Amino acid sequence: MKNLFFFFFISLISFSQINEGDLNGGDFISNYMSFFQFNSSDKTYIPYEDSDPYEGEVFFSFDPYGQWFEMDVEGDSERFWIEFVGQKVFEDVKCDEYNIEDGRVFLVDYKNNRFLFFENKDKNGIFQTLISATNVSKDK
């Protein structure tokens, strides 16, 4: 019984998920990205019909001051300046919200270990595209 408890305890502390405060410097990895489009009839995001999820390593690196992040997909790296806005509820989950320099919005969903990117804002201010990087964990 003692060994079983020890096994579960080690399993819990070795699971690297994203936690509040982690984005103040650090490297993260996701191995799965999904693409969604806004459905105006029920005001939700549904999967794109013609796109398959991306399965591969996507690296995210955040500076220690929370002013930018870098994203690397298959060796193609890009840096984005971000500004913390506050908290926002998305799909009944409280997330940290960041504005990206080019007008997109970035949410950090700590509960579900995912990064959410909203883009293609329409004339009504609704983002038409959602990219979800899931299974995010700290990269050691």
Side-chain angles (χ1 to χ4, degrees):
M1 182 67 161
K2 195 170 165 181
N3 289 339
L4 184 62
F5 173 76
F6 183 69
F7 172 77
F8 284 115
F9 178 74
I10 294 297
S11 302
L12 286 174
I13 62 172
S14 62
F15 178 67
S16 296
Q17 61 185 21
I18 48 175
N19 297 303
E20 291 190 50
D22 279 348
L23 300 190
N24 292 328
D27 297 323
F28 297 86
I29 189 169
S30 171
N31 58 5
Y32 194 79
M33 290 181 83
S34 300
F35 305 89
F36 300 86
Q37 62 189 3
F38 186 72
N39 181 343
S40 57
S41 63
D42 64 2
K43 298 187 182 350
T44 61
Y45 289 91
I46 58 173
Y48 268 105
E49 291 179 16
D50 297 337
S51 78
D52 293 325
Y54 174 79
E55 294 185 39
E57 294 182 328
V58 180
F59 296 94
F60 300 91
S61 182
F62 294 86
D63 80 319
Y65 305 105
Q67 296 178 1
W68 57 264
F69 78 92
E70 194 166 332
M71 184 172 153
D72 185 301
V73 181
E74 296 180 359
D76 187 18
S77 180
E78 211 171 331
R79 182 177 287 188
F80 302 96
W81 294 97
I82 57 175
E83 179 181 24
F84 179 71
V85 177
Q87 292 192 319
K88 176 180 184 150
V89 175
F90 179 72
E91 295 180 342
D92 298 325
V93 176
K94 193 184 304 183
C95 304
D96 282 349
E97 180 178 7
Y98 295 82
N99 285 334
I100 301 175
E101 65 183 312
D102 58 9
R104 293 179 294 156
V105 169
F106 164 56
L107 297 182
V108 180
D109 178 348
Y110 298 102
K111 181 178 178 184
N112 298 303
N113 292 315
R114 62 184 180 164
F115 294 151
L116 304 166
F117 299 91
F118 295 85
E119 52 188 36
N120 300 325
K121 191 186 292 187
D122 69 7
K123 63 183 180 197
N124 298 319
I126 298 172
F127 289 100
Q128 297 299 304
T129 304
L130 165 63
I131 301 169
S132 176
T134 55
N135 297 332
V136 175
S137 62
K138 288 186 105 172
D139 188 25
K140 296 180 181 199

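Source: prediction; values computed, not measured.
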A.B. asks: Could you tell me the separation between the CG atom of D96 and the CG atom of L107, rounded to the nearest 0.5 Å?
C.D. replies: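 Taking CG in D96 and CG in L107, the distance rounds to 9.0 Å.
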A.B. asks: Please report the interatomic distance OG1(T134) to CG(N112), rounded to the nearest 0.5 Å.
C.D. replies: 10.0 Å
A.B. asks: Around D76, counting heavy atoms of other residues, nucleotides and ligands shown, do more than 12 lie under 6.0 Å from its CG?
C.D. replies: no
A.B. asks: Evaluate the ring planes of F28 and F115, with Trp represented by its six-membered ring, and classify them as parallel (under 30°), tilted (30 to 60°) or perpendicular (over 60°).
C.D. replies: perpendicular
A.B. asks: Is there a continuous path of hydrophobic side-chain contacts, each under 4.5 Å between heavy atoms, that joins V105 to I131?
C.D. replies: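 Each belongs to a different hydrophobic cluster.
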A.B. asks: Decide if atom CD of E101 counts as having more than 12 heavy atoms of other residues, nucleotides or ligands within a radius under 6.0 Å.
C.D. replies: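 Counting other residues, nucleotides and ligands, CD of E101 exceeds 12 neighbours.
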A.B. asks: Find the distance between OG (S41) and CD1 (I46) and round it off to the nearest 0.5 Å.
C.D. replies: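 The OG atom of S41 sits 7.5 Å away from the CD1 atom of I46.
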A.B. asks: Step by step, would you call S137 with I29 a side chain to side chain contact (heavy atoms under 4.5 Å, CB included)?
C.D. replies: CA-CA 6 Å; S137 62; I29 189 169; 3.6 Å; yes
A.B. asks: Under a single-linkage definition using a 4.5 Å side-chain heavy-atom cutoff for Ile, Leu, Val, Met, Phe, Trp and Tyr, are L116 and Y110 assigned to the same hydrophobic cluster?
C.D. replies: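 Result: no, two separate clusters.
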A.B. asks: Can you name the residues that form a side chain to side chain contact (heavy atoms under 4.5 Å, CB included) with P53, not counting sequence neighbours?
C.D. replies: Y32, S34
A.B. asks: Testing the basics here: between A133 and F60, what is the closest heavy-atom pair and its distance to 0.1 Å?
C.D. replies: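 A133 and F60 have their closest heavy atoms at CB-CZ, 4.0 Å.
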A.B. asks: Check the pair F69, D63 against side chain to side chain contact (heavy atoms under 4.5 Å, CB included), reporting the backbone distance first and the verdict last.
C.D. replies: CA-CA 6 Å; F69 78 92; D63 80 319; over 6 Å; no
A.B. asks: Same cluster or not: are V136 and Y54 linked, directly or through other Ile, Leu, Val, Met, Phe, Trp or Tyr residues, by side-chain heavy atoms under 4.5 angstrom apart?
C.D. replies: yes
A.B. asks: Are C95 and V108 side-chain neighbours, meaning at least one heavy-atom pair lies under 4.5 Å?
C.D. replies: no
A.B. asks: Answer with yes or no after comparing the ring centroid distance for Y98 and F84 against a 6.0 Å cut-off, counting only values under it.
C.D. replies: yes
A.B. asks: Go through the steps for F106 and N99 under the test side chain to side chain contact (heavy atoms under 4.5 Å, CB included), then give the verdict.
C.D. replies: CA-CA 6 Å; F106 164 56; N99 285 334; over 6 Å; no
A.B. asks: N39 side chain to K43 main-chain N or O, any donor-acceptor pair under 3.5 Å?
C.D. replies: no
A.B. asks: Looking at F80, is R104 sitting on its ring face, NZ or CZ under 6.0 Å from the six-membered ring centre and within 45 degrees of the normal?
C.D. replies: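 Yes, cation above the ring, under 6.0 Å and within 45°.
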A.B. asks: State plainly whether one hydrophobic cluster holds both V73 and I100, where clusters connect Ile, Leu, Val, Met, Phe, Trp and Tyr through side-chain heavy atoms under 4.5 angstrom apart.
C.D. replies: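 V73 clusters together with I100.
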A.B. asks: Quick check on the 6.0 Å ring-centre criterion: do Y45 and F36 meet it?
C.D. replies: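 Judged by ring-centre distance (under 6.0 Å), Y45 and F36 do not meet the cut-off.
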A.B. asks: Between the side chains of E70 and S77, does any donor sit under 3.5 Å from an acceptor?
C.D. replies: yes
A.B. asks: Got a second to check how far Q37's CD is from L130's CG, nearest 0.5 Å?
C.D. replies: 11.0 Å
A.B. asks: Return the set of residues passing side-chain hydrogen bond (donor to acceptor under 3.5 Å, both in side chains) with E91 (not counting sequence neighbours), or none when no residue passes.
C.D. replies: R114
A.B. asks: Checking side chain to side chain contact (heavy atoms under 4.5 Å, CB included) for the pair D27/K138: CA distance, chi angles, key distance, verdict?
C.D. replies: CA-CA 6 Å; D27 297 323; K138 288 186 105 172; over 6 Å; no
A.B. asks: Would you say that more than 12 heavy atoms from the other residues, nucleotides or ligands in this model lie under 6.0 Å from the CG of N124, or not?
C.D. replies: yes
A.B. asks: Is it true that V58 and F62 fall in one hydrophobic cluster, defined by side-chain heavy atoms closer than 4.5 Å?
C.D. replies: yes
A.B. asks: What pairs with K111 under side chain to side chain contact (heavy atoms under 4.5 Å, CB included), at least two apart in sequence or on another chain?
C.D. replies: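 Side chain to side chain contact (heavy atoms under 4.5 Å, CB included) list for K111, sorted by chain: V93, D109.
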